[in-house]
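Report on the following structure.
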Amino acid sequence: MSTNLLAVVALGLCACARQVVKPEAPPAAAEGPRPAAVQAAPRPEPTKPLQADLAPAGAQPDEPRLLNALAAVLREQKKLDEAESVARRVLQRHPRDADAYKNLALIEADRGRIRLAEIALANARKLDPADPGIPNTLGILAMRRNEPAVAREQFAEAVKLDPAYAVAWANLGAVALAYRDYAAAEEAYAKAVALDPLRQEMRLALAWALEGAKKPAEALAEYEKVLALRPGQEDALFGRALALKASNQLAAAKAAFEQLAGLAQGTRAKDARAQIASIDLRLQHAASPAAEARADRAGAAK
(Lines give C-alpha, C1' and ligand atoms only; values in the text may rest on other atoms or scores of the structure.)
Protein backbone atom coordinates (compact mmCIF):
# COMPACT_ATOMS: atom_id res chain seq x y z
CA MET A 1 0.00 0.00 0.00
CA SER A 2 1.21 3.51 -0.77
CA THR A 3 2.68 5.47 2.13
CA ASN A 4 0.40 8.30 1.02
CA LEU A 5 -2.46 6.29 2.46
CA LEU A 6 -1.20 6.27 6.04
CA ALA A 7 -3.40 8.11 8.52
CA VAL A 8 -2.42 11.35 10.18
CA VAL A 9 -4.22 13.76 12.45
CA ALA A 10 -6.33 16.69 11.40
CA LEU A 11 -5.66 19.39 13.97
CA GLY A 12 -8.50 21.78 13.17
CA LEU A 13 -11.44 22.23 15.51
CA CYS A 14 -14.26 24.33 14.10
CA ALA A 15 -16.76 26.43 15.98
CA CYS A 16 -19.64 24.00 15.83
CA ALA A 17 -17.24 21.46 17.34
CA ARG A 18 -16.73 19.60 14.09
CA GLN A 19 -13.45 17.80 13.97
CA VAL A 20 -12.02 14.56 12.73
CA VAL A 21 -8.88 12.55 12.67
CA LYS A 22 -8.37 12.10 8.97
CA PRO A 23 -6.40 10.07 6.48
CA GLU A 24 -3.63 12.08 4.90
CA ALA A 25 -5.15 13.95 2.01
CA PRO A 26 -8.93 14.41 1.88
CA PRO A 27 -10.63 17.20 3.79
CA ALA A 28 -12.80 15.72 6.47
CA ALA A 29 -15.29 17.04 8.96
CA ALA A 30 -16.63 15.61 12.14
CA GLU A 31 -18.58 16.62 15.16
CA GLY A 32 -17.23 17.03 18.65
CA PRO A 33 -19.01 18.13 21.82
CA ARG A 34 -22.55 19.06 20.99
CA PRO A 35 -23.39 22.39 22.63
CA ALA A 36 -27.03 23.18 23.02
CA ALA A 37 -26.31 26.73 21.91
CA VAL A 38 -27.60 27.68 18.50
CA GLN A 39 -24.70 28.55 16.22
CA ALA A 40 -24.83 31.80 14.24
CA ALA A 41 -22.76 32.64 11.18
CA PRO A 42 -20.24 35.49 11.53
CA ARG A 43 -21.56 38.77 10.16
CA PRO A 44 -19.32 41.43 8.62
CA GLU A 45 -19.22 44.74 10.45
CA PRO A 46 -22.35 44.28 12.57
CA THR A 47 -24.24 47.46 13.30
CA LYS A 48 -25.52 46.21 16.64
CA PRO A 49 -24.12 44.01 19.43
CA LEU A 50 -23.87 40.31 18.65
CA GLN A 51 -25.93 39.58 21.75
CA ALA A 52 -28.81 41.40 20.14
CA ASP A 53 -28.30 39.59 16.86
CA LEU A 54 -28.49 36.20 18.57
CA ALA A 55 -31.33 36.93 20.93
CA PRO A 56 -34.87 36.00 19.89
CA ALA A 57 -37.71 38.31 20.80
CA GLY A 58 -38.22 38.42 24.55
CA ALA A 59 -34.93 36.71 25.41
CA GLN A 60 -32.60 38.04 28.08
CA PRO A 61 -29.14 39.04 26.80
CA ASP A 62 -27.46 37.25 29.75
CA GLU A 63 -29.23 33.97 29.10
CA PRO A 64 -26.59 31.16 29.11
CA ARG A 65 -27.80 29.72 25.81
CA LEU A 66 -27.29 33.04 24.07
CA LEU A 67 -23.92 33.70 25.67
CA ASN A 68 -22.71 30.24 24.68
CA ALA A 69 -23.80 30.95 21.12
CA LEU A 70 -21.98 34.28 21.25
CA ALA A 71 -18.80 32.57 22.49
CA ALA A 72 -19.01 30.11 19.60
CA VAL A 73 -19.41 32.94 17.07
CA LEU A 74 -16.47 34.85 18.52
CA ARG A 75 -14.36 31.71 18.32
CA GLU A 76 -15.27 31.28 14.66
CA GLN A 77 -14.09 34.85 14.14
CA LYS A 78 -10.77 33.92 15.80
CA LYS A 79 -11.48 36.32 18.68
CA LEU A 80 -10.35 33.79 21.24
CA ASP A 81 -9.83 36.17 24.19
CA GLU A 82 -13.30 37.62 23.77
CA ALA A 83 -14.81 34.15 23.35
CA GLU A 84 -13.11 32.97 26.54
CA SER A 85 -14.37 36.03 28.42
CA VAL A 86 -17.96 35.25 27.42
CA ALA A 87 -17.64 31.55 28.31
CA ARG A 88 -16.23 32.41 31.74
CA ARG A 89 -18.99 34.94 32.24
CA VAL A 90 -21.46 32.08 31.83
CA LEU A 91 -19.58 29.92 34.32
CA GLN A 92 -19.44 32.70 36.90
CA ARG A 93 -23.23 32.78 36.98
CA HIS A 94 -23.93 29.17 36.02
CA PRO A 95 -21.02 27.01 37.18
CA ARG A 96 -22.73 23.79 36.06
CA ASP A 97 -23.21 24.84 32.44
CA ALA A 98 -21.70 22.04 30.36
CA ASP A 99 -21.81 23.99 27.10
CA ALA A 100 -19.64 26.76 28.52
CA TYR A 101 -16.98 24.18 29.40
CA LYS A 102 -17.23 22.74 25.88
CA ASN A 103 -16.66 26.19 24.43
CA LEU A 104 -13.67 26.70 26.71
CA ALA A 105 -12.22 23.37 25.61
CA LEU A 106 -12.39 24.28 21.94
CA ILE A 107 -10.93 27.72 22.61
CA GLU A 108 -7.97 26.22 24.46
CA ALA A 109 -7.53 23.61 21.74
CA ASP A 110 -7.35 26.42 19.17
CA ARG A 111 -4.59 27.99 21.24
CA GLY A 112 -2.71 24.70 21.39
CA ARG A 113 -3.22 24.35 25.14
CA ILE A 114 -4.11 20.68 25.05
CA ARG A 115 -4.00 20.06 28.79
CA LEU A 116 -6.32 22.99 29.55
CA ALA A 117 -8.71 21.78 26.84
CA GLU A 118 -8.77 18.33 28.43
CA ILE A 119 -9.50 19.80 31.85
CA ALA A 120 -12.43 21.76 30.45
CA LEU A 121 -13.75 18.64 28.71
CA ALA A 122 -13.43 16.64 31.92
CA ASN A 123 -15.66 19.20 33.63
CA ALA A 124 -18.12 19.07 30.73
CA ARG A 125 -18.16 15.29 30.88
CA LYS A 126 -19.19 15.31 34.52
CA LEU A 127 -22.15 17.52 33.65
CA ASP A 128 -23.09 15.90 30.32
CA PRO A 129 -21.82 12.30 30.35
CA ALA A 130 -24.09 11.21 27.49
CA ASP A 131 -22.54 13.54 24.87
CA PRO A 132 -20.45 11.35 22.50
CA GLY A 133 -18.75 14.46 21.11
CA ILE A 134 -16.78 14.85 24.33
CA PRO A 135 -14.81 11.57 24.05
CA ASN A 136 -14.52 12.18 20.30
CA THR A 137 -12.78 15.50 20.97
CA LEU A 138 -10.66 13.94 23.72
CA GLY A 139 -9.56 11.37 21.15
CA ILE A 140 -8.45 14.08 18.77
CA LEU A 141 -6.52 15.81 21.54
CA ALA A 142 -4.85 12.48 22.34
CA MET A 143 -3.77 12.23 18.71
CA ARG A 144 -2.23 15.68 19.02
CA ARG A 145 -0.15 14.27 21.85
CA ASN A 146 0.78 11.32 19.61
CA GLU A 147 -1.11 8.84 21.80
CA PRO A 148 -3.16 6.80 19.28
CA ALA A 149 -3.97 4.03 21.77
CA VAL A 150 -5.62 6.55 24.09
CA ALA A 151 -7.37 8.14 21.11
CA ARG A 152 -8.72 4.78 20.03
CA GLU A 153 -10.25 4.23 23.47
CA GLN A 154 -11.92 7.62 23.37
CA PHE A 155 -13.37 7.10 19.89
CA ALA A 156 -14.63 3.68 20.95
CA GLU A 157 -16.34 5.31 23.94
CA ALA A 158 -17.97 7.83 21.60
CA VAL A 159 -19.55 5.13 19.40
CA LYS A 160 -20.58 3.20 22.50
CA LEU A 161 -22.50 6.25 23.68
CA ASP A 162 -24.00 6.77 20.22
CA PRO A 163 -23.66 3.90 17.72
CA ALA A 164 -25.01 6.20 15.01
CA TYR A 165 -22.23 8.77 15.51
CA ALA A 166 -20.64 8.57 12.06
CA VAL A 167 -17.65 10.81 12.66
CA ALA A 168 -16.46 8.81 15.64
CA TRP A 169 -16.57 5.68 13.49
CA ALA A 170 -14.51 7.57 10.90
CA ASN A 171 -12.00 8.54 13.57
CA LEU A 172 -11.75 4.91 14.69
CA GLY A 173 -11.04 4.03 11.08
CA ALA A 174 -8.31 6.64 10.83
CA VAL A 175 -6.55 5.32 13.92
CA ALA A 176 -6.81 1.78 12.55
CA LEU A 177 -5.22 2.97 9.29
CA ALA A 178 -2.39 4.49 11.32
CA TYR A 179 -1.80 1.02 12.82
CA ARG A 180 -2.21 -0.57 9.35
CA ASP A 181 -5.05 -2.60 10.82
CA TYR A 182 -6.91 -2.62 7.54
CA ALA A 183 -9.68 -5.00 8.58
CA ALA A 184 -10.62 -2.78 11.52
CA ALA A 185 -10.31 0.32 9.34
CA GLU A 186 -12.59 -1.21 6.71
CA GLU A 187 -15.21 -2.09 9.33
CA ALA A 188 -15.16 1.35 10.94
CA TYR A 189 -15.25 3.31 7.70
CA ALA A 190 -17.99 1.08 6.29
CA LYS A 191 -20.14 1.98 9.29
CA ALA A 192 -19.31 5.66 8.92
CA VAL A 193 -20.24 5.62 5.22
CA ALA A 194 -23.47 3.74 5.90
CA LEU A 195 -24.45 6.35 8.49
CA ASP A 196 -23.38 9.38 6.46
CA PRO A 197 -23.06 8.44 2.78
CA LEU A 198 -22.77 12.04 1.57
CA ARG A 199 -19.37 12.64 3.16
CA GLN A 200 -17.06 11.65 0.37
CA GLU A 201 -13.92 11.93 2.50
CA MET A 202 -15.23 8.97 4.53
CA ARG A 203 -15.85 6.95 1.36
CA LEU A 204 -12.37 7.82 0.11
CA ALA A 205 -10.86 6.58 3.37
CA LEU A 206 -12.91 3.38 3.09
CA ALA A 207 -11.37 2.86 -0.34
CA TRP A 208 -7.90 3.28 1.19
CA ALA A 209 -8.70 0.68 3.83
CA LEU A 210 -9.94 -1.73 1.15
CA GLU A 211 -6.78 -1.17 -0.86
CA GLY A 212 -4.66 -1.92 2.20
CA ALA A 213 -6.70 -5.08 2.78
CA LYS A 214 -5.76 -6.25 -0.75
CA LYS A 215 -9.27 -5.78 -2.10
CA PRO A 216 -8.56 -3.70 -5.21
CA ALA A 217 -11.87 -4.39 -6.95
CA GLU A 218 -13.87 -3.19 -3.95
CA ALA A 219 -11.54 -0.23 -3.50
CA LEU A 220 -11.95 0.67 -7.17
CA ALA A 221 -15.74 0.71 -6.78
CA GLU A 222 -15.48 3.19 -3.90
CA TYR A 223 -13.05 5.43 -5.79
CA GLU A 224 -15.47 5.48 -8.73
CA LYS A 225 -18.28 6.62 -6.41
CA VAL A 226 -16.15 9.49 -5.12
CA LEU A 227 -15.14 10.51 -8.65
CA ALA A 228 -18.75 10.44 -9.82
CA LEU A 229 -19.38 13.40 -7.53
CA ARG A 230 -15.89 14.94 -7.54
CA PRO A 231 -14.34 14.18 -10.95
CA GLY A 232 -11.11 16.06 -10.28
CA GLN A 233 -10.44 14.75 -6.76
CA GLU A 234 -6.73 13.97 -6.99
CA ASP A 235 -6.58 11.47 -4.14
CA ALA A 236 -9.45 9.49 -5.64
CA LEU A 237 -7.81 9.62 -9.07
CA PHE A 238 -4.53 8.38 -7.61
CA GLY A 239 -6.25 5.65 -5.61
CA ARG A 240 -8.30 4.55 -8.62
CA ALA A 241 -5.13 4.25 -10.70
CA LEU A 242 -3.41 2.23 -7.97
CA ALA A 243 -6.42 -0.08 -7.71
CA LEU A 244 -6.36 -0.65 -11.47
CA LYS A 245 -2.66 -1.44 -11.28
CA ALA A 246 -3.20 -3.83 -8.36
CA SER A 247 -5.91 -5.56 -10.43
CA ASN A 248 -3.34 -5.99 -13.24
CA GLN A 249 -5.32 -3.71 -15.55
CA LEU A 250 -2.09 -2.08 -16.63
CA ALA A 251 -3.23 -0.22 -19.73
CA ALA A 252 -6.17 1.31 -17.84
CA ALA A 253 -3.92 2.12 -14.88
CA LYS A 254 -1.40 3.86 -17.14
CA ALA A 255 -4.15 5.95 -18.70
CA ALA A 256 -5.43 6.87 -15.24
CA PHE A 257 -1.98 7.93 -14.07
CA GLU A 258 -1.48 9.94 -17.26
CA GLN A 259 -4.76 11.75 -16.58
CA LEU A 260 -3.62 12.53 -13.05
CA ALA A 261 -0.16 13.68 -14.19
CA GLY A 262 -1.87 16.19 -16.46
CA LEU A 263 -3.98 17.58 -13.62
CA ALA A 264 -1.78 17.42 -10.55
CA GLN A 265 1.28 19.39 -9.55
CA GLY A 266 4.24 18.84 -7.28
CA THR A 267 4.70 15.54 -5.47
CA ARG A 268 1.46 13.98 -6.69
CA ALA A 269 2.36 14.61 -10.34
CA LYS A 270 5.86 13.20 -9.71
CA ASP A 271 4.34 10.09 -8.12
CA ALA A 272 2.03 9.64 -11.10
CA ARG A 273 4.92 9.84 -13.55
CA ALA A 274 6.90 7.32 -11.50
CA GLN A 275 3.94 4.94 -11.63
CA ILE A 276 3.71 5.37 -15.41
CA ALA A 277 7.39 4.43 -15.73
CA SER A 278 6.83 1.39 -13.51
CA ILE A 279 3.88 0.25 -15.62
CA ASP A 280 5.89 0.72 -18.83
CA LEU A 281 8.57 -1.60 -17.45
CA ARG A 282 6.00 -4.24 -16.55
CA LEU A 283 4.44 -4.00 -20.01
CA GLN A 284 7.86 -4.38 -21.65
CA HIS A 285 8.71 -7.42 -19.55
CA ALA A 286 5.34 -8.95 -20.34
CA ALA A 287 5.86 -8.32 -24.05
CA SER A 288 9.34 -9.88 -24.25
CA PRO A 289 8.38 -13.50 -23.40
CA ALA A 290 5.38 -13.23 -25.71
CA ALA A 291 7.61 -12.07 -28.58
CA GLU A 292 10.07 -14.88 -27.90
CA ALA A 293 7.25 -17.41 -27.87
CA ARG A 294 5.99 -16.15 -31.22
CA ALA A 295 9.48 -16.36 -32.67
CA ASP A 296 9.86 -19.92 -31.39
CA ARG A 297 6.57 -20.92 -32.92
CA ALA A 298 7.52 -19.30 -36.22
CA GLY A 299 10.85 -21.16 -36.27
CA ALA A 300 9.18 -24.45 -35.48
CA ALA A 301 6.74 -23.97 -38.33
CA LYS A 302 9.63 -23.66 -40.75
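Computed from heavy atoms alone, side chains included, the values below leave out hydrogens, waters and symmetry copies. Positions are given from 1, in the same order as the sequence printed here.
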TODO: Work out which heavy atom in Y182 is nearest to a heavy atom in A209; give both atom names and the distance.
DONE: CB-O, 3.8 Å
Task: Which atom of A185 lies closest to which atom of A176, heavy atoms considered - done: N-CB, 3.5 Å
TODO: Check the pair M202 / V167 against side-chain contact (heavy atoms from CB on, under 4.5 Å), numbers first and verdict last.
DONE: CA-CA 9 Å; M202 293 182 182; V167 295; 3.8 Å; yes
Task: From CA spacing to verdict: side-chain contact (heavy atoms from CB on, under 4.5 Å), Y223, L204 - done: CA-CA 6 Å; Y223 288 128; L204 181 57; 3.6 Å; yes
How does the hydrophobic cluster around [X] look, that is, which other residues are in it when side-chain heavy atoms under 4.5 Å mark a link?
X	value
L91	Y101, L104, L127
I107	L80
L244	L220

Just jot down the salt bridge (charged side-chain N to carboxylate O under 4.0 Å, His left out) partners of [X], sequence neighbours excluded, or say none.
X	result
E82	none
E224	R240
E222	R203, K225
E234	none

- [ ] For side-chain contact (heavy atoms from CB on, under 4.5 Å), just list the numbers for D81 and R111, CA-CA rounded to whole Å, side-chain angles, deciding distance to a tenth of an Å, and then say yes or no.
- [x] CA-CA 10 Å; D81 291 343; R111 290 168 168 162; 2.7 Å; yes
- [ ] Answer yes when R268 and D235 have at least one side-chain N-carboxylate O distance shorter than 4.0 Å, and no when they do not.
- [x] yes
Task: D97/R65 ion pair, N-O < 4.0 Å - done: no
Open item on the list: Please tell me whether L177 and V150 are part of a single hydrophobic cluster in this structure, the criterion being side-chain heavy atoms less than 4.5 Å apart.
Closed with: no
TODO: Check whether any side-chain heavy atom of H94 lies under 4.5 Å from a side-chain heavy atom of N68, and answer yes or no.
DONE: no
- [ ] Step by step, work out the side-chain contact (heavy atoms from CB on, under 4.5 Å) result for E157 and L161.
- [x] CA-CA 6 Å; E157 175 65 19; L161 288 170; 3.8 Å; yes
Task: Pairing residues for F257 by the ring pair (Phe, Tyr, Trp, His ring centres under 6.0 Å) criterion, not counting sequence neighbours - done: F238
Extract all donor-acceptor atom pairs below 3.5 Å that involve side chains of residues 274-283 and protein atoms in other chains or at least two apart in sequence.
residue : atom : partner : partner atom : Å
Q275    : OE1  : K245    : NZ           : 2.6
S278    : OG   : K245    : NZ           : 3.2
D280    : OD1  : K254    : NZ           : 2.8
R282    : NH2  : N248    : OD1          : 2.9

Open item on the list: I need the full list of ring-ring contact (aromatic ring centres under 6.0 Å, His included) pairs touching residues 130-153, with sequence neighbours left out, sorted by first then second residue.
Closed with: none
Task: Set of residues satisfying side chain to side chain donor-acceptor pair (under 3.5 Å) with respect to D196, sequence neighbours excluded - done: R199
Task: With P148 via side-chain contact (heavy atoms from CB on, under 4.5 Å) - residues at least two apart - done: M143, N146, V175, Y179
